[in-house]
Amino acid sequence: MSLVLGLDVSTQSLTAVVIDTAAGRVVHQQSVNFDDSFPEYGTCHGVLPHDDPRVVHAPPLLWVAALDSVLSGLQGAVDVSRVAAIAGSAQQHATVYLNDLFEARLAGLVHDQPLTAQLACVFARPTAPVWLDASTSTDVEALNGALGGAERCAHLTGSVGCERFSGPQIRRFARMEPTLWERTAHVQLASSFLASLLLGKPAPADFCDASGMNLLDLATRAWDPDALQCCGGDALSRRLGKPVAPCTVLGSTAPALALRYGFPVTCQIVTWTGDNPSSAVGLGLVDDGACALSLGTSDVLFAITRGVPSLPCGGHVFVAPTGAHMALFCFANGSLAREHVRDAHCLDWGGFDAALHRTVSGNGGAMMLPWLCPEIVPKVLKPGIVRFQVANSTAEATDSRTPETSSAAADADCRAVVEGQFTSMRLRADAAGIRPRLLRATGGAAQNAAILQIAADVFQCPVRRCTVTNSAALGAAMCAAHALNASTWQDLTRLVVEPLLGPEIAPRTAFAPVYACLAAAYLAEERLELHRRSLS
Ligand code: ADP
Ligand code: XUL
């Protein structure tokens with residue numbers, strides 16, 4: 001009877017989930033929050049503060065420190081000598097730039113020194129741009145142009161050129177910092193970088209996470225030569241290495257790390273992937289049409305599709321770990337926008353819930369465009385929350401600095417952010433022809449039943465929460481199990497995921513017309529505001 005370990009390195013934390021493969025039971029989970037546990041790295045919500053809201057980086061050495069800390073801590077909690085395989089996931093799109101010491105340092109790892117001390121010298125660039133970065137518009141334009149236009153780029157790579165995607169990010173770095181780019185021997189995704197540490201040599205990206213780069217030809221699952229040429233010239237192919245199929249067994253754990261953490265020397269390292277693809281299997285989305293909501297730092301709506309759908313602007317097609325495709329919409333203003341509103345009214349989550357309960361569906365016409373930071377869908381590069389308070393049938397727009405004094409206004413604000421977020425999501429789902437019959441929910445905010453009730457009402461479909469909040473780490477453990485014993489995804493889902501799903505939160509059908517009206521009003525206000533911004 002063996003154990004498998006799944007790890008997830010997300011925006012704000014690192015989570016480990018251990019599954020007993022015979023019983024299909026989660027036997028252990030633990031998390032470490034980056035800001036709280038590693039304040040010396042100076043992050044706020046896992047990223048480094050910057051004057052320009054479009055520039056968002058994180059220090060990859062922090063992820064190394066967190067990995068070392070969690071793996072060291074596992075020994076007291078589970079019988080690590082029984083861990084037969086490890087897989088992981090990480091926030092998508094983030095790129096890590098390594099110099100020519102990387103390979104030698106990995107090969108020479110020793111068991112009795114912290115990983116950070118051994119690896120501090122391997123970075124050609126000390127910070128990694130992450131998915132919240134929106135600073136690459138020039139590079140996005142160049143890439144779309146090089147591939148024959150945005151539509152062709154979407155057809156080829158699954159997405160139009162996107163600011164946060166790795167290809168444009170690499171291009172910007174090569175353009176702005178040519179000397180550091182010259183010193184770069186390897187470009188890795190956050191996922192492949194962390195797999196490399198455990199493997200003791202550079203690990204490849206898997207097709208799923210590679211499809212978030214604007215570099216992978218979705219049809220052939222190989223790098224597209226024109227995209228490579230545009231983003232990093234001749235050297236890029238060598239620096240990236242070849243992507244491989246998801247759930248590939250890469251080899252045994254680096255001996256020094258097996259010794260350091262107590263894993264058997266035979267413990268296999270399986271490819272790491274992106275957090276959303278990993279969540280897809282962690283939530284049991286293995287059949288065509290299955291849909292989920294991930295309410296972490298980002299809010300993400302995704303659905304499994306057998307074919308390659310053609311999505312409206314802002315949507316992405318990624319490879320899923322099962323080999324199928326997943327359609328995905330990612331909203332940058334997820335939990336941090338909700339937290340911002342909560343904090344603006346000096347509430348805790350209990351107070352925020354109470355505000356949701358005191359207000360009515362549709363919020364009496366009060367609405368919010370929740371653009372606290374640059375938004376991905378719709379594309380908003382100059383952030384700023386916009387509130388619409390409907391009084392006497394007149395929409396009045398105020399900006400986010402308007403002081404909210406009355407508690408009724410505070411209550412309306414809490415509902416407005418949540419209704420605005422789900423309404424925006426529903427609009428994109430409708431446009432893409434995604435009509436969920438059931439939504440599985442994960443991420444930090446999925447703990448909140450009042451928020452999930454609004455999701456059920458806006459989408460008019462039942463919502464079920466996974467009791468393992470970090471379904472990406474759970475999915476990673478399932479990828480490790482799948483790679484190890486070739487269980488089918490359907491069997492793994494039945495055994496591992498289904499017992500973890502909470503009861504259905506039913507949609508209240510009486511509110512269907514309210515949310516249909518809200519969607520129409522939201523779309524109109526959004527269009528007007530985007531037009532206003534395009535003129536300013
Ligand atoms: P990530 O995986 O992107 O790092 P998580 O999935 O761990 O993020 O979610 C973290 C977020 O969850 C926090 O930023 C917080 O706003 C949100 N959160 C935690 N508890 C609640 C709650 N009870 N209600 C709403 N949101 C919550
Ligand atoms: C997806 C995306 C985010 C990150 C962070 O495209 O950018 O969901 O994966 O979780």
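Each ligand, and each atom within it, is numbered from 1 in the order the structure gives. Heads up: numbering here begins at 1 and tracks the sequence.
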ask   = Do Arg221 and Asp217 meet the salt-bridge criterion of a basic N to acidic O distance under 4.0 Å?
value = no
message = Classify the ring geometry of Phe318 against His316: parallel below 30°, tilted from 30° to 60°, perpendicular beyond 60°.
response = parallel
remark   = What one should report as the nearest heavy-atom pair of Leu240 and Val187 is CD2-O, 3.7 Å
ask   = For ligand 1, which atoms have a heavy atom of Gln447 less than 4.0 angstrom away?
value = 19 (C), 20 (N)
request  = Select the closest option to atom 12 (O) of ligand 1 among Gly444, Ser294, Ala450, judged by heavy-atom distance.
outcome  = Gly444
inquiry  = Looking only at protein heavy atoms, which one is nearest to atom 2 (C) of ligand 2, and what is the separation?
reply    = Cys330 SG, 3.4 Å
task = Pull out every atom of ligand 1 sitting under 4.0 Å from any heavy atom of Ser335, numbered as shown with elements.
result = 11 (C), 12 (O), 14 (O), 16 (O), 17 (C)
request  = Report, in ascending order of atom number, the atoms of ligand 1 lying under 4.0 Å from any heavy atom of Ile451.
outcome  = 25 (C)
query = Is there a donor-acceptor contact under 3.5 Å linking the side chains of Glu419 and Tyr515?
reply = yes
inquiry  = Is the contact between Gln12 and ligand 1 made by the side chain, the backbone, both, or neither, using heavy atoms and a 4.0 Å cut-off?
reply    = both
request  = Provide the number and element of each atom of ligand 2 under 4.0 Å from a heavy atom of Arg164.
outcome  = 1 (C), 2 (C), 6 (O), 7 (O)
query = Taking N or O atoms only and a 3.5 Å limit, does His93 qualify as a polar contact for ligand 2?
reply = yes
Side-chain donor-acceptor contact under 3.5 Å, Thr11 with Trp131 = yes
ask   = Going by distance only, is there an N or O of Gln92 that falls short of 3.5 Å from an N or O of ligand 2?
value = yes
query = Which ligand 2 atoms are under 4.0 Å away from a heavy-atom of Val300?
reply = 8 (O)
inquiry  = Within the 4.0 Å heavy-atom shell around Ser10, which atoms of ligand 1 are there?
reply    = 1 (P), 2 (O), 4 (O)
remark   = Among non-hydrogen protein atoms, atom 24 (N) of ligand 1 lies closest to Asn448 ND2, 3.0 Å
ask   = Heavy-atom contacts under 4.0 Å between Asn470 and ligand 1: side chain, backbone, both, or neither?
value = neither
request  = Report yes if Ser298 has an N/O atom closer than 3.5 Å to an N/O atom of ligand 2; otherwise report no.
outcome  = yes
query = Among all protein non-hydrogen atoms, which one is nearest to atom 1 (C) of ligand 2, and what is the separation to 0.1 Å?
reply = Asn276 ND2, 3.2 Å
request  = Could you point out which residue of Val497, Thr493, Ile304 forms a side chain to side chain contact (heavy atoms under 4.5 Å, CB included) with Leu285?
outcome  = Ile304
Ligand 1 atoms in contact with Thr297 (distance to a heavy atom under 4.0 Å) = 1 (P), 3 (O), 4 (O), 8 (O)
query = So, Gln29 and Thr15: side-chain donor and acceptor under 3.5 Å apart, yes or no?
reply = no
note = Looking at Trp131, Phe34, Phe352, Trp349, the heavy atom closest to atom 22 (C) of ligand 1 belongs to Trp349
request  = Check ligand 1 against Glu339 and write out every atom of the ligand that is under 4.0 Å from a heavy-atom position of the residue.
outcome  = 13 (C), 14 (O), 15 (C), 16 (O)
request  = Specify the protein heavy atom at minimum distance from atom 9 (O) of ligand 2: its residue, its atom name, and the distance to 0.1 Å.
outcome  = Asp275 OD1, 2.7 Å
request  = Decide whether an N or O pair under 3.5 Å exists between His316 and ligand 2.
outcome  = no
task = Could you list which atoms of ligand 1 come closer than 4.0 Å to a heavy atom of Gly443?
result = 6 (O)
task = Would you indicate whether His155, at its atom NE2, is surrounded by more than 12 heavy atoms from other residues, nucleotides or ligands within a distance under 6.0 Å?
result = no
request  = Please determine if Asp413 and Arg342 form a salt bridge, counting it only when a charged side-chain N lies under 4.0 Å from a carboxylate O.
outcome  = no
ask   = Is it true that Asp133 and Arg164 have a side-chain N and a carboxylate O under 4.0 angstrom from each other?
value = no
inquiry  = Do Met478 and Ile19 have side chains that approach each other closer than 4.5 Å (heavy atoms only, starting at C-beta)?
reply    = yes
message = Consider side chain to side chain donor-acceptor pair (under 3.5 Å). Of Thr248, Thr273, Thr271, which one does Asp206 pass it with?
response = Thr273
Ionic contact status for Glu526 with Arg428, cut-off 4.0 Å = yes
